[in-house]
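This report refers to the structure that appears directly beneath it.
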Amino acid sequence: MTWLQNHRRSEAAAVKAHEASRLGETEESKRLFSIAARHESVALGFIDLLHTPRTFGITAVSCVSLSYKAGETETAERLAHQFLSASGLPLFATGQLSALLQDHGRSHASA
């Protein structure tokens with residue numbers, strides 16, 4: 001499989017997850033977001049941060065976001081910190097990953 005094949009599988013699962021969420025099927029939605037996050041994580045393995053930093057950054061943010069949507073908080077936070085420590089991560093990705101961590105921290109603190 002390639003980056004594109006895994007990314008497309010991730011997108012397809014995320015579309016189904018959003019539909020399940022819209023229908024109030026919370027557990028199915030989380031299951032599908034988890035599948036999407038796994039495909040995106042596999043896709044990351046095909047990307048070289050040094051040669052395609054923008055694609056890496058977009059995919060990393062997507063992976064973390066999907067993990068949060070799946071309810072996999074610990075995984076999302078671990079991945080976000082791992083990506084933030086990567087040398088050469090584009091600034092837009094750094095900002096978005098930091099925002100995801102902050103947003104989750106705020107919602108988690110108010111729970």
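In what follows, every heavy atom counts, from backbone to side chain, and hydrogens, waters and symmetry copies are set aside. Here the structure is a predicted model, which is why all the values come from computation and not from measurement.
A distance of 12.5 Å separates NE2 of H39 from NE2 of H7, quoted to the nearest 0.5 Å. In this structure, K16 NZ and I35 CD1 are separated by 8.5 Å, a value rounded to the nearest 0.5 Å. Rounding to the nearest 0.5 Å places CG of L23 at 13.0 Å from NE2 of H18. Between E27 atom CD and K30 atom NZ the span is 5.5 Å, to the nearest 0.5 Å. Separation of atoms CD (Q96) and CG (L84) is listed at 11.0 Å; rounding is to 0.5 Å. Atom-to-atom distance recorded for L4:CG and E11:CD is 8.5 Å, nearest 0.5 angstrom.
No single ILVMFWY cluster, assembled from side-chain heavy atoms under 4.5 Å apart, contains both L101 and F33. Follow the hydrophobic side-chain contacts under 4.5 Å out from L100 and you never reach L66; the two are in separate clusters.
Side-chain contact of T59 with E40: a donor-acceptor pair under 3.5 Å is absent, judged by distance alone.
The closest side-chain heavy-atom distance from L79 to L97 is not below 4.5 Å.
A donor-acceptor pair under 3.5 Å is absent between the side-chain atoms of S67 and the main chain of A76, judged by distance alone. A donor-acceptor contact shorter than 3.5 Å is absent between the side chain of E28 and the backbone of E25. Distance alone, capped at 3.5 Å, places no donor-acceptor pair between the T52 side chain and the T55 backbone. A distance-only check finds no donor-acceptor pair linking the side chain of S62 to the backbone of I58 [under 3.5 Å]. For S98 (side chain) and G95 (main-chain N/O), no donor-acceptor pair under 3.5 Å exists by modelled atom type.
The nearest pair of heavy atoms linking L32 to A17 is CB-CB, 3.6 Å. Taking all atoms of both residues into account, the shortest heavy-atom contact from L89 to G57 is CD1-CA, 4.2 Å. Across all non-hydrogen atoms, the minimal contact from A14 to A36 is N-CB, 3.9 Å. The shortest heavy-atom contact between M1 and F46 is O-CZ, 2.7 Å.
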Would you please test T73 and E77 for side chain to side chain contact (heavy atoms under 4.5 Å, CB included) and show each step?
CA-CA 6 Å; T73 304; E77 290 176 354; 3.5 Å; yes
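Classification of R22 and E19 as a salt-bridged pair holds, one side-chain N sitting under 4.0 Å from a carboxylate O.
Checked against side-chain contact (heavy atoms from CB on, under 4.5 Å), P53 has the following partners two or more places apart in sequence or in another chain: L49, P90.
By the 6.0 Å and 45° rule, R78 does not stack over the aromatic ring of F83.
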